[in-house]
Student: 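Let me give you the structure first, and then I'll get to my questions.
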Amino acid sequence: PMQNAYNPVEVEAEWCAWWESQGFFRADEKDTTKPNFVIMLPPPNVTGSLHLGHALTNAVQDAIARWRRMSGYNVLWLPGTDHAGIATQVVVEKQLAKSER
């Protein structure tokens, strides 16, 4: 029977397991027959304030990574580069100042 509402926990868990089993979350470092393509995915801002720009950036990067993969590239969409060092520093300094009071 069809659910009354979308249940992301149930649906995404099944898809995630399939994607992992197919190797979609990793590049094949041993495959030298395809050109490499790497795109860096910034982590969320430390401020926790997400906006439409974050969604747009992720959507564009996702489309580019998928297009390159479909074009025969060995693609790695790598999370973890810090693009908000100044914002991070400001938040940490404010937290330190509060804890020193």
Side-chain angles (χ1 to χ4, degrees):
M2 186 172 196
Q3 299 287 330
N4 290 341
Y6 175 67
N7 182 350
V9 173
E10 181 180 309
V11 173
E12 298 301 327
E14 290 181 27
W15 276 112
C16 188
W18 184 76
W19 289 338
E20 285 178 350
S21 72
Q22 298 299 309
F24 294 153
F25 290 137
R26 65 181 187 276
D28 185 357
E29 66 274 3
K30 295 176 184 160
D31 186 355
T32 58
T33 64
K34 298 178 182 178
N36 292 325
F37 181 79
V38 179
I39 190 165
M40 304 303 287
L41 172 68
N45 291 342
V46 71
T47 60
S49 301
L50 299 178
H51 51 74
L52 189 57
H54 293 102
L56 177 61
T57 298
N58 288 347
V60 169
Q61 287 185 356
D62 180 50
I64 291 170
R66 289 171 191 253
W67 170 63
R68 288 293 189 169
R69 186 179 296 253
M70 289 185 291
S71 298
Y73 283 75
N74 189 21
V75 175
L76 177 62
W77 190 13
L78 185 65
T81 59
D82 183 13
H83 71 294
I86 294 172
T88 302
Q89 180 179 342
V90 169
V91 170
V92 170
E93 287 176 353
K94 286 180 181 178
Q95 289 175 346
L96 288 172
K98 284 182 184 177
S99 68
E100 291 175 358
R101 290 182 193 165

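What you see is a predicted model, and the numbers here were worked out from it, not measured in a lab.
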Student: Take atom CZ of Phe37 as the centre, draw a 6.0 Å sphere, and report whether it contains more than 12 heavy atoms from other residues, nucleotides or ligands.
Tutor: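 More than 12 heavy atoms, drawn from other residues, nucleotides or ligands, come within 6.0 Å of this atom.
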
Student: Do any pairs count as a side-chain hydrogen bond (donor to acceptor under 3.5 Å, both in side chains) and have a residue in residues 25-34, sequence neighbours left out, and if so which ones?
Tutor: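 For residues 25-34: Asp31-Thr33.
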
Student: Mind jotting down which residue pairs meet the side-chain hydrogen bond (donor to acceptor under 3.5 Å, both in side chains) criterion with at least one end in residues 91-100? Sequence neighbours excluded, please.
Tutor: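 Matches after skipping sequence neighbours: Gln89-Glu93.
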
Student: First locate atom CG of Asn74, then atom CZ of Arg68, and finally report the distance between them rounded to the nearest 0.5 Å.
Tutor: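 Taking CG in Asn74 and CZ in Arg68, the distance rounds to 12.5 Å.
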
Student: Using every non-hydrogen atom in the two residues, find where Pro35 and Gly72 come nearest and quote the distance to one decimal.
Tutor: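 The pair with the smallest heavy-atom distance is CD-O, 3.9 Å.
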
Student: Knowing that exactly one of Thr57, Asp62, Asn58, Ile64 qualifies, which makes a side chain to side chain contact (heavy atoms under 4.5 Å, CB included) with Val60?
Tutor: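 Between Val60 and the candidates, side chain to side chain contact (heavy atoms under 4.5 Å, CB included) is satisfied uniquely by Ile64.
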
Student: On a heavy-atom basis, which atom in Ile39 and which in Trp77 lie closest, and how many Å separate them?
Tutor: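 Nearest pair, atom of Ile39 first, then Trp77: CG2-CD1, 3.1 Å.
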
Student: Identify every side-chain donor-acceptor pair in residues 9-16 under 3.5 Å, counting partners at least two apart or on other chains, and give the distances.
Tutor:
unit_1 : atom_1 : unit_2 : atom_2 : d
Glu12  : OE2    : Tyr6   : OH     : 2.6

